[in-house]
Every structure is written in structure tokens, then in C-alpha cells.
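Here is the naming used below: chain letters follow the sequence lines, and residue numbers restart at 1 for every chain.
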Amino acid sequence: MIDAVKLSGVRKGFGAVRAVDGLSLTIRPGQTVALLGPNGAGKSTTIGMLLGLSAPDSGTVELFGTTPARAVRAGKVGAMLQDAGFVPNATVREVIELARALYPMPLPTGQVLHTAGLAELADRRLDKLSGGEAQRARFAFALAGDPRLLLLDEPTAAMDVATRQAFWAAMRRYSAAGHTVLFATHYLEEADDYADRVVVIAHGKVIADGTGTDIKRMTGGRTVAFDLAGGGTAGLDLLPGVRAVEVRGDRARLRSDDSDATVAALVHSGRSFTNLEINSAGLEEAFLALTGA
Amino acid sequence: MAAYFMFELRRLVREPRLFIFTVFMPVISYVVFTGVGDMRGNTEGVTVAAALMVGLAGYGAVAGVLSVAGGVSTERTSGWLRQLRITPLRPVGVVAVKGVLATLTAIPPVVGVGIAGRLEHHVSLPLDRWILLVLVMWLGTIPFALLGLAIGYVLPPQLAQPATFLSFFSLSVLGGLLVPVEVFPRMLRYVAHALPTNRYAELGWAVAGGHLPTALGGTVLLGWTALFAALAAAAYRRSAATR
């Protein structure tokens with residue numbers, strides 16, 4: 001089977017900045033893949049190259065065994081870009097009808113409206129939509145042509161919680177029909193919840209690739225934080241499970257693979273501590289762990 | 001591409017500002033300008049009433065056609081053109097649709113001012129000459145559509161608007177669309193005759209007067225068309241490369 005996406009040794013720079021620095025990635029048809037990384041990791045640049053909007057400085061980019069430009073022309077790709085605006089003096093339905101007319105085998109209009117949760121907004125002017133509604137309209141525009149590959153660049157950025165959930169439900173319906181989806185996000189939870197596979201990138205390189213659970217395990221589980229209340233910091237790094245210790249003022253933050261064991265040992269050690277908190281590792285910590293900083 | 005054309009045409013028709021600037025204003029100006037002076041004289045080989053009719057029709061037409069600059073500039077920076085680029089629609093098709101639609105905005109002002117000329121000053125032409133007039137006043141806007149595309153693809157919206165207005169205003173006043181070139185000082189007359197607006201209106205005056213436009217006029221207009229086409233192509237390529 002031909003790979004849906006194949007990036008080999010791709011590099012792309014803007015002036016002195018290396019946005020993408022030797023990225024290789026293969027995605028089989030039918031997978032839902034999250035491209036996880038902090039701002040500036042190279043996610044949008046990668047998506048831009050996948051769509052043929054920019055060319056790599058070196059390396060190759062292929063979609064379904066052909067160039068991005070050809071795949072786009074053949075209607076195999078739909079995308080939701082971060083900075084894609086709409087035009088005034090047209091309605092949601094009209095812009096969806098336009099997208100349908102441009103692709104060889106579009107979905108029925110009613111289905112597109114339903115999937116994107118826009119049934120009640122079909123006759124609204126595009127310039128009268130709220131941020132979240134416009135984002136759903138962009139999703140509708142991207143999927144109207146029933147493309148085999150859907151690329152989404154931070155699709156939930158402007159959405160509130162309810163819209164976000166509705167969006168992901170819609171996405172699931174779409175990917176369940178055997179489509180390939182690649183979405184960029186900087187939320188570990190989003191990647192973990194909605195992707196079969198999570199590819200973590202930082203500084204333009206793939207630094208981890210696996211299921212959401214794999215990535216979470218690699219990122220050092222939890223953070224145990226407490227006020228030292230006058231006690232010293234000596235020996236904190238020797239507590240069971242602890243992988244890293246960070247002290248800011250009077251507050252210590254321990255990154256731990258096994259927070260239960262860490263806390264049990266902390267209590268038994270007889271140290272004084274107050275304001276104990278245990279949190280899942282945020283993405284920031286995750287990246288520090290993965291990049292070894 | 002037909003779907004995109006229809007989509008854009010609908011949007012164009014729904015833009016009220018365009019109608020005000022390209023039809024309402026030229027018609028009002030025509031009625032006012034020709035209401036005060038002596039309309040019996042001749043200029044540009046036709047009556048003053050007919051000459052001003054062609055001039056103001058051209059004025060509205062150029063205003064409408066150049067407005068493509070603002071649209072392209074806004075759509076480029078808002079990311080809409082990027083959105084279209086990732087569909088099967090050919091990028092060149094987008095430019096073509098924009099350009100053709102821009103020239104079509106020339107037709108309502110020509111019809112509007114034409115009706116005003118007919119009703120107000122009994123400017124009478126045989127029907128086939130009226131049709132030919134609309135046709136040349138439409139196709140003659142091709143260089144202005146190219147200029148509009150060039151501005152739209154090179155300048156951001158906050159600069160595209162003033163650049164469009166400046167081009168439109170200087171080209172139409174100096175080109176003799178509002179005031180006959182005859183009354184210009186001698187130096188300005190040379191300037192006027194070198195401008196595309198003047199040579200565009202000349203096509204209309206020729207049709208209204210029932211004679212052929214001058215070869216020099218045609219050459220000047222074609223020269224500007226080639227220049228604006230080169231500018232538009234360069235601007236388009238530049239914008240496609242940076243995005």
C-alpha cells in the first residue's frame with residue numbers, strides 16, 4: 001500500500017532559523033496522527049510543505065507516492081490552516097458548495113454541514129461567524145471534498161470546550177471512514193485522546209514517535225511539588241522515582257516516574273513540607289524530558 | 001473554475017459600495033457637470049454631452065475595475081487565497097477569474113451613464129453603436145484590471161487602498177475623463193495623451209463619433225497593457241513564492 005505521507009530528511013530554513021531540520025516521517029493510509037510540539041517546533045512549516053505551499057531546502061516530500069502539488073490538484077488532500085481567513089459577502093453554504101464543486105467526489109452538502117455542526121448556521125454570512133464557528137466552517141471547507149488525507153494545523157485553537165468536543169467527535173466520524181488525518185497540536189492530552197499515533201517534534205526534528213501512552217511514559221509521568229518549609233534540598237534527588245529536581249525559591253518540584261513511591265518516601269523521611277501537589281507532567285515538562293534539557 | 005467564478009460574481013453583486021462608487025457617482029456627476037455648461041459645442045469629434053458621457057462612463061469603469069486591487073490584497077493577507085491554493089483549483093485560474101470579474105464591473109457604469117446621456121441630452125446612436133460602445137468600454141479596461149491585480153498582489157491592504165485611489169484619481173483627471181483635454185494647458189495635454197485612461201476613452205469617443213480610433217492611441221494603450229501585464233505577472237509570482 002502506498003504511504004499517505006512520506007517525508008525523508010526534510011530541511012527548511014527561513015534566514016538563519018532552521019524551522020525543520022532533517023525530519024523524516026511516514027504515515028500509512030487510515031492512521032490518525034498527531035504532530036505534537038511547542039510553538040516554533042516546525043509544525044506549521046511541515047504542514048506547509050506537505051501542501052506544496054513551500055518547497056523544502058533539501059529532502060523529499062511525497063503524498064500518496066506523488067508530489068504535494070499533484071496530490072492537491074487531484075483532490076486527494078484537504079486542509080485546515082491556522083491563518084486561512086474567509087471572505088465577506090458569502091454564506092457558509094455557498095463556501096461549502098464552492099469546495100464541493102472543486103473536488104472530484106465531494107460529500108453531500110447536508111452531511112458536511114452536519115459533520116461540522118453547522119446545520120443551523122448554513123445561511124449565515126461568513127463575516128458574521130464567531131471565532132469557533134469560523135473554525136468549524138474551515139473544517140467543513142476542508143472535508144467537503146472528501147479528501148483521502150486531511151491536514152489540520154492546530155484545529156481547536158479558537159474553540160471553546162463544547163465546540164472542541166463536538167469538533168473531535170466530528171473528526172472521529174471522519175477518520176472512522178478510513179481517511180488519513182494528520183493534526184498539529186501543542187496539547188499532549190489532545191494528541192493522546194484523539195490520535196492513534198503521536199509524533200513529537202522539537203527544533204524541527206522528530207524526538208519521539210509512539211502511542212499517546214508511550215509518549216506519556218517517556219515524559220516522566222508526574223510532578224510532585226511542595227514548599228520546603230525551611231528544610232534543605234539535600235537528598236531529594238535520591239527519593240524513589242525521582243528523575244529531576246527543580247527548586248524555585250522555597251518550592252521544590254520533583255519530576256517522578258512513580259509519584260506514589262516518591263510521596264510515600266517523602267512522608268517517611270520525616271522532612272517538613274507544606275502545600276503538596278501532584279500533577280501530570282505538562283507538555284513543557286514533557287519536552288524538557290524528551291529533549292534532555 | 002465555473003463554480004469559483006459564480007461564487008465570486010455573487011459576492012461582487014452583493015457589494016453595495018462598488019455600486020455607489022462606480023454607477024451612482026458617475027451618473028450624478030454627469031448630470032451635474034452637463035447641467036451647468038454649454039453642451040452644444042464639439043470636442044473629441046463628438047458633442048460635449050457625448051464626450052462627457054464617455055468620459056464619466058470610463059471614470060466609473062476604471063474605478064470599478066481598479067477595486068480588484070483591494071479585494072486581492074485583503075484576500076491574500078487574510079489567507080483566503082492560501083485556502084484556495086490547497087484545493088484542486090488552479091492558482092492561475094484564480095487570477096484569471098479575478099481579472100475577468102474586475103473588467104465586468106466596467107459594464108454597469110457605461111450602461112448607467114449611457115442612459116443618463118440618452119435621457120438628459122438626447123445623445124443618440126444607432127443600437128449597434130451603443131452595443132459596440134459598451135463592448136469597447138468593457139474590453140478597454142483590460143490594462144486597468146492588470147494594474148489592479150499588480151497592486152493587489154504586491155501591496156498590503158492598508159497601502160493597496162491609497163495606491164488604488166491615487167492611480168485612479170490621477171489617471172482619470174489627467175487623462176481627461178472629467179474635463180476635456182482641450183482646455184488643459186499645452187504641457188498637460190501631452191501628458192494626457194500619453195495616459196492609458198485617455199486612450200481608453202478615445203476608443204469610446206471614436207465609437208460615439210462613428211470614426212476609427214487613431215493608430216497612435218491604440219499603440220499607447222497596448223503599450224500600457226503590456227507594461228501592466230508584466231507588473232501583474234511579477235507581483236503574482238512574488239506573492240506565490242513568499243507564501
Side-chain angles (χ1 to χ4, degrees), chain A residues 14 44 47-55 63 68-91 93-106 125-127 134 137-147 149-153, chain B residues 1-21 64 67-94 96-98 101-102 104-105 152 156-157 160-161 236-243:
Chain A
F14 300 100
S44 295
I47 287 180
M49 287 189 286
L50 285 172
L51 289 165
L53 289 171
S54 60
L63 300 182
R70 285 215 185 107
V72 166
R73 285 278 291 137
K76 289 177 181 164
V77 189
M80 215 175 134
L81 298 175
Q82 249 181 17
D83 55 354
F86 277 130
V87 283
N89 294 327
T91 65
R93 185 190 301 279
E94 284 164 358
V95 86
I96 292 172
E97 291 296 349
L98 171 64
R100 292 184 65 246
L102 299 178
Y103 284 82
M105 281 181 298
R125 293 274 175 110
L126 294 169
D127 45 336
R138 262 174 229 129
F139 179 53
F141 191 89
L143 70 86
D146 201 22
L149 170 67
L150 203 52
L151 299 169
L152 312 166
D153 194 359
Chain B
M1 206 153 99
Y4 177 59
F5 183 88
M6 290 314 293
F7 177 80
E8 287 290 320
L9 181 63
R10 254 196 313 261
R11 289 184 51 227
L12 199 64
V13 172
R14 285 176 190 159
E15 183 57 67
R17 273 177 300 179
L18 193 68
F19 183 80
I20 293 171
F21 281 109
S67 73
V68 70
V72 167
S73 179
T74 312
E75 287 164 29
R76 197 166 50 82
T77 43
S78 78
W80 170 245
L81 293 185
R82 233 160 115 76
Q83 181 74 60
L84 289 178
R85 267 186 70 186
I86 55 176
T87 68
L89 190 60
R90 292 185 100 92
V92 176
V94 173
V97 165
K98 286 270 162 205
L101 278 170
L104 287 178
T105 59
Q161 301 286 2
Y236 172 72
R237 260 188 241 118
R238 181 173 164 272
S239 95
T242 50
R243 276 286 177 174

Quiz item: A:L98 and B:F7: which non-hydrogen atoms are nearest, and at how many Å?
Solution: CD2-CD2, 3.7 Å
Self-check item: Minimum heavy-atom distance A:Y103-B:P88, with the two atoms named
Solution: CZ-CD, 3.5 Å
Self-check item: Atom group of A:R138 that falls short of 4.5 Å from chain B, counting heavy atoms
Solution: side chain
Exercise. Measure distances from A:V77 to the heavy atoms of chain B and classify the residue's part below 4.5 Å as side chain, backbone, both or neither.
Key: backbone
Practice problem: Check whether B:Y4 gets within reach of chain A through its side chain, its backbone, both or neither, counting any heavy atom under 4.5 Å. | Solution: both
Quiz item: So what's closer than 4.5 Å to chain B heavy atoms on A:R70: side chain, backbone, both or neither?
Solution: neither
Quiz item: Which atoms of A:P147 come close to chain B, meaning under 4.5 Å heavy atom to heavy atom: side chain ones, backbone ones, both, or neither?
Solution: neither
Quiz item: Crowded around B:F21 CZ? As in, over 12 foreign heavy atoms under 6.0 Å?
Solution: no
Quiz item: Looking at A:G52 and B:R85, what are the two nearest heavy atoms and their distance?
Solution: O-NH2, 4.1 Å
Quiz item: Which atom pair, heavy atoms only, marks the closest approach of B:Q83 to A:A79?
Solution: NE2-O, 3.4 Å
Quiz item: Among A:V87, A:V72, A:L81, which has the most heavy-atom pairs under 4.5 Å with chain B?
Solution: A:V87
Self-check item: Portion of B:E75 that has a non-hydrogen atom of chain A nearer than 4.5 angstrom
Solution: side chain
Practice problem: Please confirm whether the backbone N or O of A:N89 pairs with a side-chain atom of B:R14, one donor and one acceptor, at under 3.5 Å? | Solution: yes
